[in-house]
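Written out below as structure tokens is the structure these notes cover.
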Amino acid sequence: MDEFELISRYFDRRVTTPGVVTGIGDDGAVLEPEPGRDQIQVIDSLVEGVHFPSDSSAADIGYRVVAVNLSDIAAMGARPRWMTLALTIPQKDARWLTDFANGLFEAAAEFDVALVGGDTTSGDAVVATVHITGEVEQGRALLRSGAQVGDTIFVTGTVGDAAAGLELLRRGVHDNFLVNRFLRPSARIATGWSLVGRASAAIDVSDGLIGDLKKLLEASGVGGELDLERVPVSDAVKLHFDEADRTRFALTGGDDYELCFTASPDAVGSIADITAVGRVTDGNGLVCRQDGDIVEYEDSGYRHFQ
Ligand code: ADP
Ligand code: MG
């Protein structure tokens, strides 16, 4: 199978998405942006053995490489429109490619993102890189840098599920809600949209709540306080792990792809599935409190899969 055949067989699906003037097949894609919109460009790679175990299913890898990029688009408050794919694979295995493409297009279909181009190469390990272009109303993108002293810090959903799922995968457990939270994260696109004009700053939680919240606070030039007892943890994590593991997953586990944002509580009252976990203060750095008392929490950095 040559490269042309591979592309046309697995990746060149008819695109009816608006704005695609010329998709796969030419030297470059021709795209028509909506007038009055800013473009958001995001890119993320998944490397075999670093971001996922070598025995991951091709469908999960395909799904996940789109989902992690959609999460960055969500954190910007944008609408995803078009994507490109750079894929490195050891051999051109038809079964693997079919499954990978199915996973990739499944995630793309959920948010109507069109695959408009890419590059295919062979190499020793699987590396999948997706680049997505999104759009947001001019000047309205959600940035990390807008947090204001007195804002409340919120997080969507529950945190720590993906790191817990990865731990279960390591123990050989496969069919489980938490494992799926790792393998098939769902980007918070709808919440991201609803935060535009309401949140003062936002970031997606890819490297752990504490680490990512610190990045937001630093970008905004403010400090923050996190109330550890309010950090939302799922029943599934409570069922499988003790207090110490739960806390570690929730605070420093990555790959959840939830959103962490700052806002005045009045502005976001109507938004579902969010939890207030702290507040923005003057000064700098993040202070963690357990039931009011300051606690030191050592963040050794999330290692993804390694
Ligand atoms: P070039 O030699 O100009 O780089 P290629 O032969 O690599 O072109 O690719 C031909 C066309 O197929 C281009 O439009 C490119 O964007 C697209 N393409 C290549 N690989 C992929 C892929 N994995 N997924 C989607 N489109 C791809
Ligand atoms: Mg070319």
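Residues take their numbers from the sequence shown, with the count starting at 1. Whatever order the structure lists them in is the order used to number ligands and atoms, beginning at 1.
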**OP:** Mark yes when over 12 heavy atoms from residues, nucleotides or ligands other than Glu32 sit less than 6.0 Å from its CD; otherwise mark no.
**Re:** no

Subject >> Closest to atom 13 (C) of ligand 1 among Asp26, Ile24, Asp27 (heavy-atom distance) >> reply: Asp26

Subject >> From Ala29, Gly118, Gly25 - option closest to atom 27 (C) of ligand 1 by heavy atom >> reply: Gly118

**OP:** Sort and list the pairs that fulfil side-chain hydrogen bond (donor to acceptor under 3.5 Å, both in side chains) and have at least one residue in residues 134-148, not counting sequence neighbours.
**Re:** Arg81-Glu135

Original post:
Do His51 and Val65 come within less than 4.5 Å of each other through their side chains, counting heavy atoms only?
Top reply: no

Subject >> ring-ring contact (aromatic ring centres under 6.0 Å, His included) partners of residues 102-161, not counting sequence neighbours, each pair once >> reply: Phe154-Phe261

Could you list which atoms of ligand 1 come closer than 4.0 Å to a heavy atom of [X]?
X      : result
Thr120 : 20 (N), 21 (C), 22 (C), 23 (N)
Gly117 : 16 (O), 25 (C), 26 (N), 27 (C)
Glu3   : 5 (P), 6 (O), 7 (O)

**OP:** Report the part of Ile7 in contact with ligand 1, treating N, CA, C, O as backbone and CB onward as side chain, heavy atoms under 4.0 Å; options are side chain, backbone, both, neither.
**Re:** side chain

**OP:** Any chance you could lay out the salt bridge (Lys or Arg N to Asp or Glu O under 4.0 Å) test for Arg95 and Asp99, step after step, and finish with the verdict?
**Re:** CA-CA 6 Å; Arg95 180 81 249 157; Asp99 291 347; 2.9 Å; yes

